[in-house]
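Computed over heavy atoms, backbone and side chain alike; hydrogens, waters and symmetry mates excluded. Given the structure is predicted, the values throughout are model-derived calculations rather than measurements. Below, chain A is the first sequence line, B the second, and so on; all start at residue 1.
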Amino acid sequence: MKKLVLIDGNNVVYRAFFALPLLSNNQGMYTNAVYGFTMMLMKVIEEEQPTHLLVAFDAGKTTFRHETYKEYKGGRQKTPPELSQQFPLIHQLLDAMAIKRYELDNYEADDIVGTLARKARNEGFDVRIVTGDKDYLQLVDEDVRVSLIRKGITDTVDYGVEKVRERYGIEPREVIDLKGLMGDASDNIPGVPGVGEKTAIKLLKQFKTVEGVYDHIDEVSGKKLKEKLELNREQALLSKRIATIDNDSPVTVTTESCAYTHEFNDQLKDLFRELGFQSLLDKLDANGSEKNETEAVAISVHTVSEFSSKQLVSPSALIVQMLDENYHYGAINGFAVANNTGTYFIETEHALKDERFCKWLEDPEKKKVLLDSKRAEVALKWRGISLKGISFDARLATYLIDPSEAGQDLALLATKRGISNIETDDAFYGKGAKRKIPEEDGQAQHLGRKAAALLQLEPKLIQELDENKQKKLLFDLELPLARVLAKMEFTGIKASGETLIAMGDELDRTLDIIEHDIYLMAGVSFNINSPKQLGEILFEKLMLPPIKKTKTGYSTAADVLEKLRGRHEIIDRILDFRQLGKLKSTYVVGLLKVIHPKTGHVHTCYNQALTQTGRLSSTDPNLQNIPIRLEEGRKIRKAFLPSKEGWQIFSADYSQIELRVLAHIADDENLKQAFIDGMDIHTKTAMDVFGVEKDEVTSLMRRHAKAVNFGIIYGISDYGLSQNLGITRKDAARFIEKYLQSYPGVQHYMESIVKKARSEGYVTTLLNRRRYLPDINSRNFNSRSFAERTAMNTPIQGSAADVIKKAMILMDQRLNEEKLKSRMLLQVHDELIFEVPDQELETMSRLVPEIMEHAIQLSVPLKVEHSFGPTWYDAK
DNA sequence: TGATTCACGC
DNA sequence: GACGTACGTGAATCAA
């Protein structure tokens, strides 16, 4: 079906201008109307998917309507210069998007639209008109619909024939009669004075047209009304004529010339950049591959049921397609291979039966380029196949090049680098509930294209890494680490369902009691888990003082409730309820759901290409946030066990790794000496900040000092520190200042790293991990401050992540070399968890700290503490 | 389905 | 002087 979308350019631009505040770009050029217009345009394109598109503009000042009625559009405010400046930009925009625009001397946009709508409808088009002008409703018929902008710019209501009848009680073609009678103040059309919408509609229902009204003027009820009508007969007929859109204007464009290709050229990006439309630029990038869908050229993908040896050469790009997020359980949809002999697709079932293919997968000499190699490796491990020869991972590479842009679909990564002809998975398979696997041939084509794109992508990414001096980081750190993580995830950690169920039952009993108590104290039962309901009870029924508000109402967060302690006994109970409820829902019920029915282990997924600092994250389940601080929660750890009898859970953690890294990076003599001397770092900080001797440090001073250290590591603001400690912001700022005076090296580091970020646009870690900070020069104080704190914090946290990642690789190597049975199971940022047979405890107690402490040589010693026990709980 | 709020870890 | 404040994941609620 051909679909033509016609847009009244002038009308939409005007609306956009008045709907949005007067935005301007960094050169002081006004951009609000362009921005609003573009938003509308993109929305319409996305929703309507037009095959043809045209934007009509008014030409000049006078039109044929002025010849009939020279007061037409009289009394209008002159177009503000802030707006007229923007029209050339809009023309540029349309040209860059290859969208037809048109104006015609002596005619208005609506005549162009009306004429083209009629033509197109007769040629079998589905026509859609976008405007804010109700006059257009006269054009509505079975094939022509009008999207009327209601308010703002993107909020529209669609009018078909039925909708016009429903809204006005008249036929679309009677809209001109309506205008004839009631007039239109905005166009200075008089109509019949004293006749408004209500009366006009009543008349038209009876007489259909203006002419009808006058033909049967005697039948009009109401003496006054009849008088008014008779008095303004000519004016009414004239008004109708002026309101009538000329659908036979001498337009010189054909419908075919409005063909819209969904293409845009590079000028569009340049234009967006010039205008400062960052969000639209992002959108463009995000939609880029979908746009290319229409121009995607079919490539030759050979669907095979088995491979020949000639086809499986090295290097090859390999796609192991899975739609399920969780690769431990998910199905493989199919495989695609691309290399210099061609591009191939093979169904999963055939692939796994194809001995030659499986051998190839396991052959370390056959180099393979993947996207998210760990996903493929683990999925194949579950099928008894040991994927080897992984030479490149585009996911990890793009993560190192710019962590904020990793995680994107291959289509986007490729398009950005000039490799088009590929769709996003979301576009191909559909997203959310609409996701489905299309017929095999379509998928073969899609996956084949992905593999081909991946093959082309590799050298480009390697070059980018090289320019960043990040090749070692990829090939010696992240890529080997992925293999280690794959092993850890596949091994999993044994979890006792029985233990969890018993804890759950116990929690249920306690929760029941607490819930009852709360209802009793509140005098009413309600949903304690609903912050809204809880807020009403606490701050309205019980009249407690609301300390803080959220966007939607009262805040009931723990720090608020903490301050209300003692005001009412219900507070403690609510805090208990929250704490235990969390344990039950997240840690008992949640973990039970993810114990593998066959292995009895939980298999987490580490995301190695997500965090902006270089840390790992853990999902399904998250094993990096198992409770430890409060005893009730810590007991959850009793459910994590070694997988065999006579084994122990062994835990080793870095002591103060971030502060040691800081001492090294900042090269701060005082801080370095503290670590060399093996001092308790928080006590040392307290001594320096409060200017006291070691034995004068009170526990409060140490607590405050600890919070300051915490703030340094995490890059929190003085406000954040004041919240943490419950002190004023001023005092918090004073602490920080005192701290920096005591550690001048740190102070110097903080200043120079921010400078570096400003000039380079990014900061780096010990192993050359990068994080870009686009806000570092922002004029917005908040954005800039945040970027500055990030600049200070990321090298610290990120370098610590580098250290433990290196340690993991060395640890894995050593376990292999020494043929130890011990297995690495988990990583929790500064901690490694193993399971260890009793007879290896001694070796591991020596080996693990040794390796971790010397993973990377710093100018201060690294310290590792370890322990073991029959459960994770006991390894403390 | 997505936004909001809350809570857990480092 | 206001701004809205380390990084993550997950559950529950609520409004579309």
Open item on the list: Using whole Å, what does the distance between atom C1' of nucleotide C:dA6 and atom CG of A:L659 come to?
Closed with: 14 Å
- [ ] Answer with base, sugar-phosphate or nothing: what part of the nucleic acid does A:S717 contact at a heavy-atom distance below 4.0 Å?
- [x] base
- [ ] Please say whether the positively charged group of A:K876, taken as NZ for Lys or CZ for Arg, lies over the ring of A:Y873, i.e. under 6.0 angstrom from the six-membered ring centre and within 45 degrees of the axis.
- [x] yes
Open item on the list: I want to check one thing: is the phosphate of C:dG10, taken as OP1 and OP2, less than 4.0 Å away from some side-chain N or O of A:K593?
Closed with: no
- [ ] Would you mind reading off the distance between A:E325 atom CD and C:dG10 atom C1', rounded to a whole angstrom?
- [x] 15 Å
Open item on the list: Considering every strand and a 4.0 Å limit on heavy-atom distances, what is the contact class for A:F786: base, sugar-phosphate, or nothing?
Closed with: sugar-phosphate
Task: Non-neighbouring partners of A:Y772 that pass side chain to side chain donor-acceptor pair (under 3.5 Å), sequence neighbours left out - done: A:R770
Task: Any residue meeting side chain to side chain donor-acceptor pair (under 3.5 Å) with A:R629, in chain and number order, not counting sequence neighbours - done: none
Open item on the list: Stem list for DNA chain C, please, built from Watson-Crick and G-U wobble pairs under 3.5 Å and keeping only runs of at least 3.
Closed with: B:1-9 with C:7-15
Task: A:R565/A:E562 ion pair, N-O < 4.0 Å - done: yes
Open item on the list: Tell me if a side-chain donor or acceptor on A:Y587 pairs with a main-chain N or O of A:G633 at a distance below 3.5 Å.
Closed with: no
Task: Whole-Å C1' distance, B:dC6 and C:dC3 - done: 23 Å
Open item on the list: In this structure, how many angstroms lie between the P atom of C:dG4 and the CZ atom of A:R784, rounded?
Closed with: 14 Å
Task: Side chain of A:D620 - closest among C:dG10, C:dA6, C:dG8 - done: C:dG10
Task: side chain to side chain donor-acceptor pair (under 3.5 Å) involving A:K684 - partner list, sequence neighbours excluded - done: A:N670, A:D688
TODO: Taking only Lys NZ, Arg NE, NH1 and NH2, and the carboxylate oxygens of Asp or Glu, determine whether A:K584 and A:D508 approach each other closer than 4.0 Å.
DONE: yes
Task: Whole-Å distance separating the CD1 atom of A:I636 from the P atom of C:dG10 - done: 16 Å
TODO: Determine the Euclidean distance between corresponding P atoms of B:dA7 and C:dA2; express it in Å to zero decimal places.
DONE: 27 Å
Open item on the list: Within the 3.5 Å criterion, strictly below it, is a donor on A:K756 or A:Y762 matched to an acceptor on the partner's side chain?
Closed with: no
Open item on the list: Any base atoms under 4.0 Å from A:N780, or only sugar-phosphate, or nothing? Heavy atoms, all strands.
Closed with: nothing
Task: For atom CD1 of A:I716 and atom P of C:dG8, their distance in whole Å - done: 17 Å
Open item on the list: I'd like to know whether CD of A:E325 has more than 12 heavy-atom contacts from other residues, nucleotides or ligands below 6.0 angstrom.
Closed with: no
Open item on the list: Does A:Q612 reach a base, just sugar-phosphate, or nothing at all? Heavy atoms under 4.0 Å.
Closed with: sugar-phosphate
Open item on the list: Starting the side chain at C-beta, find the nucleotide from C:dT13, C:dG8, C:dG4 nearest to A:L610.
Closed with: C:dG8
Open item on the list: Please encode protein proximity along nucleotides 5-10 of chain B as a string of B, S and -, counting only heavy-atom distances under 4.0 Å.
Closed with: SSBBSB
- [ ] Determine: side-chain N/O of A:S530 to OP1/OP2 of C:dC14, distance under 4.0 Å, yes or no.
- [x] yes
Task: Whole angstrom value for the distance that separates C1' of C:dC3 from CZ of A:R779 - done: 17 Å
Task: Basic-acidic side-chain contact under 4.0 Å: A:E751, A:K755 - done: no
TODO: Let me know the distance between CG of A:L616 and P of C:dC7, rounded to the nearest Å.
DONE: 17 Å
Task: C:dA6 and B:dA3, which share atom name C1', separated by this distance in whole Å - done: 22 Å
Task: Pairing residues for A:D731 by the side chain to side chain donor-acceptor pair (under 3.5 Å) criterion, not counting sequence neighbours - done: A:T728, A:R734
TODO: Would you mind classifying the nucleic acid contact of A:S618 as base, sugar-phosphate or nothing, using non-hydrogen atoms under 4.0 angstrom?
DONE: sugar-phosphate
Open item on the list: Tell me the interatomic distance from A:D718, atom CG, to C:dC3, atom C1', rounded to whole angstroms.
Closed with: 12 Å
Open item on the list: Please tell me if A:S617 has a side-chain N or O lying less than 4.0 Å from either OP1 or OP2 of C:dT9.
Closed with: yes
Open item on the list: Under 4.0 Å, counting only non-hydrogen atoms across every strand here, what does A:R729 touch: a base, just sugar-phosphate, or nothing?
Closed with: base
